[in-house]
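One structure is given below, encoded as structure tokens.
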There are 2 protein chains.
Amino acid sequence: MTPAARRVLEAAARLFYERGIHAVGVDLIAAEAGVTKKTLYDRFGSKEQIVVEYLADRDERWRAFLAQCLDAAQPVSAARVLAVFDASRAWSAKNSSKGCSMVNAHAEISDPAHPAYPIITGQKEWMLALFTDLAGDIAPGGAVQLGRTLMLLHEGALVAHGLHIFPDPISHAREQAQTLLATTGGAAAKR
Amino acid sequence: MTPAARRVLEAAARLFYERGIHAVGVDLIAAEAGVTKKTLYDRFGSKEQIVVEYLADRDERWRAFLAQCLDAAQPVSAARVLAVFDASRAWSAKNSSKGCSMVNAHAEISDPAHPAYPIITGQKEWMLALFTDLAGDIAPGGAVQLGRTLMLLHEGALVAHGLHIFPDPISHAREQAQTLLATTGGAAAKR
DNA sequence: TCAGGAGTATACCGATCTGTATAGTGAGCC
DNA sequence: GGCTCACTATACAGATCGGTATACTCCTGA
């Protein structure tokens, strides 16, 4: 990726997240990136493609960040679940003051045929699979159930964080997850 | 409100929710409502005002629907909490296949100075107050804590419902709320 | 009867939208 | 020297954006 293309993607990412995808035009993106529209179209071909790469890049970075956080966590499933919430809190503090970018993008992209759609649903499916996987070690019989509950707590926390309805909702969700794991997993949580 | 104005608001509500606010122009709204732009502007004055009335109307209808559901529920706080989830499930089934309209609008309206902003945050604050109020009867010492947890479960369920990541997330959230109330409230929940 | 409100039809405004065209500059590379 | 690639500058296309203007019809109520 050329330097100009990177600047375009960075400008687009910031503008799309802060103002919304449909509210931002390519002229503004080009201007903010210090690039002409010609360059922008030479590199990306269309605004839609910039949207796709914006979401794909953000998805990739989040997964890499989370993987790094999980590597640093203890190899115990209960601790790893809590590490996911810790990762979300750290990530949201500096990247997501307006809530989850995938959820926000989903509000604007309704057509399932849109090339960005699978990126959005893909991340959520991946997160659910992660929670369910970890839940399987804690409560083998109720992995699906527990995984879904963790997913709800996590998604709710991201929304609450973006809406600023009460302070530090992600930490609150983490605590709730902790007590949930303690009561659900029992001795398995301490394995 | 004149018949034409009502048709405009109905068309705008449907289009805004399904396609996003910024993605829908006034020409389309007028055409779908079977109304000229002249009439539209005579009644509402601006697109922004239509957005405000769309959200205010939806907020009002949701509160009225919820109040009706709560009136039909047993006068026991634990039952009433579950009634909120039941109301959400019924409401979402026919009005919110794409998730919470307030959350979706928040993705597009970032400016706190926008006249629609207080409607969005107002509904969420009201819901949190409702949960906290009901939680106060169940666990007087931890009303704030419990209210926030219920809020997270509820918001998470709405997001999960809109994203279709697993079937019937609102019922799942309801069940989790139920076990949460049983363990937190203890005997008080059965009062 | 007639005034006024609700509505239609149509044309227009300047601005902005996504996307394309032509022309040219500068650096690195064989 | 020549060639390619990344990039700039500028202008423009066709469509749509929010919003306004003029001129008209229909219906209701005093």
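Below, chain A is the first sequence line, B the second, and so on; all start at residue 1.
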Practice item. Find the distance between NE2 (B:H22) and CD (A:E108) and round it off to the nearest 0.5 Å. Key: 7.0 Å

Review point. Do you know which two heavy atoms are closest between A:F166 and A:H172, and how far apart they sit?
Key: CE1-CB, 4.2 Å

Exercise for review: Could you run through nucleotides 10-30 of chain C and give me one letter per nucleotide, 5' to 3': B if any protein heavy atom sits under 4.0 Å from the base, S if only the sugar-phosphate is that close, - if neither?
Suggested key: --------BBB-B--------

**Study point:** Rounded distance in Å - CZ (B:F44) to C1' (C:dA6)
**Key:** 13 Å

Check your understanding: So do the side chains of B:L150 and B:L180 get within less than 4.5 Å of each other, counting heavy atoms only?
Key -> yes

Review point. Please give, in whole Å, the distance from D:dC7 P to A:R6 CZ?
Key: 12 Å

Review point. For B:R63, does the CZ atom have more than 12 heavy-atom neighbours from other residues, nucleotides or ligands under 6.0 Å away?
Key: yes

Review point. Is the distance from OP1 or OP2 of C:dT8 to the nearest side-chain N or O of B:R7 less than 4.0 Å?
Key: yes

Review point. Which atom names give the shortest non-hydrogen contact between A:L128 and A:G147, and what distance separates them?
Key: CD1-O, 4.0 Å

Check your understanding: When all nucleic acid strands are considered with a 4.0 Å heavy-atom cut-off, which category describes B:T2: base, sugar-phosphate, or nothing?
Key -> sugar-phosphate

Point to revise | Euclidean distance, atom CG of residue B:L40 to atom P of C:dT8 [Å, nearest integer] | key: 11 Å

Point to revise | Between P of D:dG18 and CD of B:Q49, the distance in whole Å | key: 15 Å

Review point. If you count the non-hydrogen atoms of other residues, nucleotides and ligands that lie under 6.0 Å from CZ in A:R19, is the total more than 12?
Key: no

